[in-house]
Amino acid sequence: GAHRRPTGMVGGPAWPPGRVESSAVLVTLRAGGGACGFGRQDLAVAPRASVGTVWIKLEMAILLGTILSLVTYLMRTAKPAIRTMGFDSTAAARPFVVLADAAHPLPECPQLKMIRMEGEVYFGAVSHVGDQLRDLRAPDASPRHLLVMAKSMNFIDLAAAEMWRSEMIVRRRIGGDLYFHRPRAPVLSLWQRVGFMAELGSDHIFPAKRIAITTIFDRLDRSICAHCTIRVFEECQSLPLPVDGQAADALAPVRADGRR
């Protein structure tokens, strides 16, 4: 019936049957005396210290994983694609196409640039997108009006809102303007909160591409239209023939070998 003492312990208290001691608790034996050299405070601190050590390591692992995930996300999303859109057919129901992927793209309108924004625009992507927008208007003869197809731009932040505001200001300064096709509800909500919608104007947001082109067409410079031989939009066909040539050149059907 007597309680057994653990092996190697001399003079210490007996352990009740069935008691399980944690191997994480370090016991310091008093040198030479053989008696246990810890008190109640030691017993309280030791397991806390052990658990604390494990917890700190776990926190560091979680922090490291979070940082790596954030870096991976930023690398993947910091350079959203901007595709130049246009047409490769003169058919009445022709779809919009990515010009870089089209086998026989039609020329672009010299006054209206159409792009598709693919991906979110936030502080990590503002530099890349801003550079791309500047490149679009860098040439002297670049289109002054810009239509952004923004359906794939799921969200933006304050830095992106300011970037679009700057783009609007620059384009209006050079005689053009900025327009958007189907921006997402969260994007519109942020623009509304920061006052960008009031500056841009609701008449610069379009629910359909055809409506956008018809509306923007009425705002194009007719003195440029008078000399244009591209006439890529259906609305262009209502204009008088170009002063310097035939409008049919650019819209002639494209043959299989790429020639008109």
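For this chain, numbers begin at 1 and follow the sequence in order. Quantities reported herein were computed from a predicted structural model and do not represent experimental measurements. For the numbers below, each heavy atom of this structure counts, side chains included, while hydrogens, waters and symmetry mates do not.
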Treat each ILVMFWY residue as a node, draw an edge where side-chain heavy atoms are under 4.5 Å apart, and state whether L158 and W164 are in one component.
yes

For T214 and E235, work out which heavy atoms get closest and say how close.
OG1-OE2, 2.8 Å

Candidates R219, R144, R172 - the one meeting side chain to side chain donor-acceptor pair (under 3.5 Å) with D177:
R172

Got a donor-acceptor contact below 3.5 angstrom from the S152 side chain to the E118 backbone?
no

Look at the aromatic rings of F87 and F96 and report parallel, tilted or perpendicular, splitting at 30° and 60°.
tilted

Any side-chain donor paired with an acceptor under 3.5 Å for S189 and R193?
yes

Specify the closest pair of heavy atoms between Q111 and D221, including all atoms of both residues, with the distance to one decimal.
OE1-N, 2.8 Å

Would you indicate whether the side-chain heavy atoms of M149 and M117 approach each other to under 4.5 Å?
no

Flag, side chain of R94 to backbone of S89, donor-acceptor distance under 3.5 Å:
yes

Between the main-chain N or O of G86 and the side-chain N or O of E108, is there a donor-acceptor pair closer than 3.5 Å?
no

Ring centers of F180, F206 separated by less than 6.0 Å
no

Determine the interplanar angle of the H145 and Y179 rings, folded into 0 to 90°, and report it as parallel if under 30°, tilted if 30 to 60°, perpendicular if over 60°.
parallel

Joining Ile, Leu, Val, Met, Phe, Trp and Tyr whenever any side-chain heavy atoms lie under 4.5 Å apart, the cluster holding V170 also takes in none

